[in-house]
Amino acid sequence: MCGIVAYIGPNDALPRLMDGLRRLEYRGYDSTGICLNTPEGLWVRKDIVRVDTLDQTLTDAPRANVGIAHTRWATHGGVTQANAHPHLDGPNRIAIVHNGIIENMAALKAHLIAEGVEFRSETDSEIIAHLIQQAYQGDPEAAFFVAIRQLRGTFGIAACFLDHPDVIIAARNGSPLVIGLGNGETILASDPQAIVSWTRRVVYLNDREVAIMTVDGARVRTLAGRAVDRADELLESDYSVAERGDEPHFMLKEIKEQSETVQRCLTGRIQVDEGNAKLGGLNMGPRELVAIRRVVNLGCGTSYHAGMVGAMAIEALARVPARAEIASEFRYRNPIVLPDALFFAVSQSGETIDTLGAVQEVKVKGGEVMGVVNVVGSTIARTCGQGVYVHSGPEVAVASTKAFTSQVTALLVFTLMLARTSNLSLEQGQRVARALLDAPARIAQYLANPGPIEQAAQAVVGARYVLFLGRGFSFPVALEGALKLKEIAYIPCEAYPAGEMKHGPIAMLEPGSPVVFVAPRDSQREKAISNMKEVQARGARVIAIHSEGDDEIASMAWLSIPVPQTEDWLSPLITVLPLQLLAYRAGVMLKRDIDKPRNLAKAVTVE
Ligand code: M6R
């Protein structure tokens, strides 16, 4: 998953390309590269550096009106300068940038090598430049089509041609591309954010489509060659770039915003008097809700963990069978999609290809799928057509924090709607509604007094292994805490349901091992205490996240981190906060790249 920008017009291409890349860096930041199409030749600069660093080296760049640019997240081939994009054909007259994976790379590459082509990189992407060159007989469009039709896999591609500076050609199959139509200029990008500074008039490319871009706009054809008549749209969302303010990292800023972002997700959606809620984007009244016999939350990573919490809440409050599924597994196991099931696609970015694939699988099988998405107008939101926006605002740090609490909140709001049609009386619904409305205050209360996070971070920083444990609603929280610690601090750790620990992972514990135990005062507390004793008996150090006033757990723990008391089903919104802070502080102590951890990307747009 990479970011692509391309520009053709009367203006200097360089600032437009670099501005676009900066906004797309969330898609990958292993390396950065640019190609400017000048009368003297295709001028390429690429390196294993971030966008800002490459920009500083471009003082000698020639002025050009046409160019393509790329920020990479490595799939095929290591993170090297040679593997950075753009890639050129043999004679250096065609340049391409690519997002995606070419699945028939081996066969195509073998064929090209047999024809005498010499490769300069280990990437699958370089094949595309050579295939176009092989087919080229003076007509770039014809050559592009011949080349692209040979590819299997996913791609977003942009190509420019030394002999044809009046054109850029792009193609999409599975990797998003949007074309911005300016005044006598045309810009292509992986995402509208890279375009909005220059124009808000856009055309989205669909899968298996090719765009022939000139200064006058874009002509779209299907891969089969049929002309497509696509009206342009006006981008209305707010694409303003988030500011870090005085905080040292976006991650910390986003953790601190959570009282406000959860509040935003609740605003206008809770009806206390009716003990009910309303999510307009679902277009569902009580009759549609009572017909739901099961709910499946699809997602990856943090979004999957939010889906787990949501599914547990639905079962607990609405007594409707519900489960969460990892989207990448769901899409390939020929899942059963029953007509009375409701599927939610949970995604911060709305661009995660595994979740998108799962959405498409549900649709193919005639199922009902709705988005629980943060980014407005994203691919998953548009593909679902209906759903809930979680409104957490732009999340910049690669480690998801505020999106998690907003996703959980949105699913809890849905739970109330569903539960009110079945299991909850008016009074019970009112109690749930009030508890939900109280959540932002409880989050603020904890964040104002987060407890001994620094000591907890010191304990995990030196550890060879950290175990996160929780039961019931605290198990997905434990999973989320371990994911955060891996992502940000690169500390080996795993999460288990606390009752499962004795079936294997307990063997990992040795005297002094830190065990982060999420144990609020809920229905599973007594069992959690027993598991805590089992841990202590092995000499491990328990860092307990527990409810304020729970002196029994506080006195047992090696380190006690009290959090405000809430209902069981609401507790993940609070208990996750110390775990986010723990990962953050551990990452800072270890001098990690907090907002852009190694090997990761904010939107995972490859399988
Ligand atoms: O944008 P999405 O919510 O669909 O992303 C899903 C995961 O890639 C994401 O949550 C990932 O696990 C985060 N880096 C977690 O912090």
Side-chain angles (χ1 to χ4, degrees), residues 1 24-29 73 176 190-191 193 249-252 254-255 258 261 297-310 324-331 344-360 369 371-384 387-408 410-411 476-477 479-490 493 495 576-577 579-584 586-587 592-607:
M1 57 242 165
L24 294 182
E25 215 171 14
Y26 73 90
R27 303 177 71 90
Y29 38 79
W73 186 83
S190 304
D191 170 324
Q193 289 182 63
H249 300 102
F250 274 105
M251 184 181 175
L252 184 60
E254 289 161 3
I255 290 172
Q258 289 177 100
T261 49
N297 297 330
L298 304 165
C300 304
T302 291
S303 297
Y304 165 66
H305 299 155
M308 285 177 79
V309 176
E325 283 218 40
I326 293 177
S328 57
E329 289 293 316
F330 174 86
R331 63 184 293 198
F344 282 116
V346 187
S347 175
Q348 187 286 131
S349 62
E351 300 294 342
T352 302
I353 201 152
D354 288 320
T355 310
L356 179 62
V359 167
Q360 285 158 345
V369 55
V372 177
V373 172
N374 188 33
V375 178
V376 177
S378 55
T379 309
I380 292 173
R382 286 187 294 115
T383 307
C384 290
V388 189
Y389 280 120
V390 305
H391 297 312
S392 55
E395 191 181 62
V396 177
V398 165
S400 191
T401 54
K402 63 176 180 171
F404 173 81
T405 44
S406 294
Q407 289 164 341
V408 169
L411 289 168
V477 176
L479 283 170
E480 179 57 10
L483 177 66
K484 288 285 94 79
L485 193 65
K486 277 177 245 188
E487 278 187 293
I488 301 305
Y490 321 150
C493 57
V576 78
L577 304 171
L579 303 190
Q580 295 170 343
L581 287 170
L582 170 65
Y584 173 75
R592 306 303 195 210
D593 193 345
I594 299 289
D595 288 334
K596 291 195 172 77
R598 72 182 180 201
N599 304 338
L600 294 174
K602 186 68 184 157
V604 183
T605 58
V606 293
E607 289 191 49

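By convention here, the first residue in the shown sequence is residue 1. Whatever order the structure lists ligands and atoms in, that order sets their numbers, starting from 1.
Applying the salt bridge (charged side-chain N to carboxylate O under 4.0 Å, His left out) test to every pair with at least one member in residues 396-406, sequence neighbours left out, gives these pairs: Glu257-Lys402.
With sequence neighbours excluded, the residues forming a side chain to side chain contact (heavy atoms under 4.5 Å, CB included) with Ile326 are Tyr304, Ser328, Glu329, listed by chain and number. Leu479 is linked by a side chain to side chain contact (heavy atoms under 4.5 Å, CB included) to His305, Met308, Phe475, Ala495, counting only residues two or more places apart in sequence or in another chain.
The minimum heavy-atom distance between Asp354 and Ala327, with the atom names listed, is O-CB, 3.6 Å. The shortest non-hydrogen separation linking Thr379 to Glu351 is OG1-OE1, 2.6 Å.
For ligand 1, residues of the protein lying within 4.0 angstrom by heavy-atom distance are Cys300, Gly301, Thr302, Ser303, Ser347, Gln348, Ser349, Thr352, Val398, Ala399, Ser400, Leu483, Lys484, Glu487, Val604.
Partner of Ser392 under the side-chain contact (heavy atoms from CB on, under 4.5 Å) criterion, out of Thr401, Thr405, Asn374: Asn374 alone.
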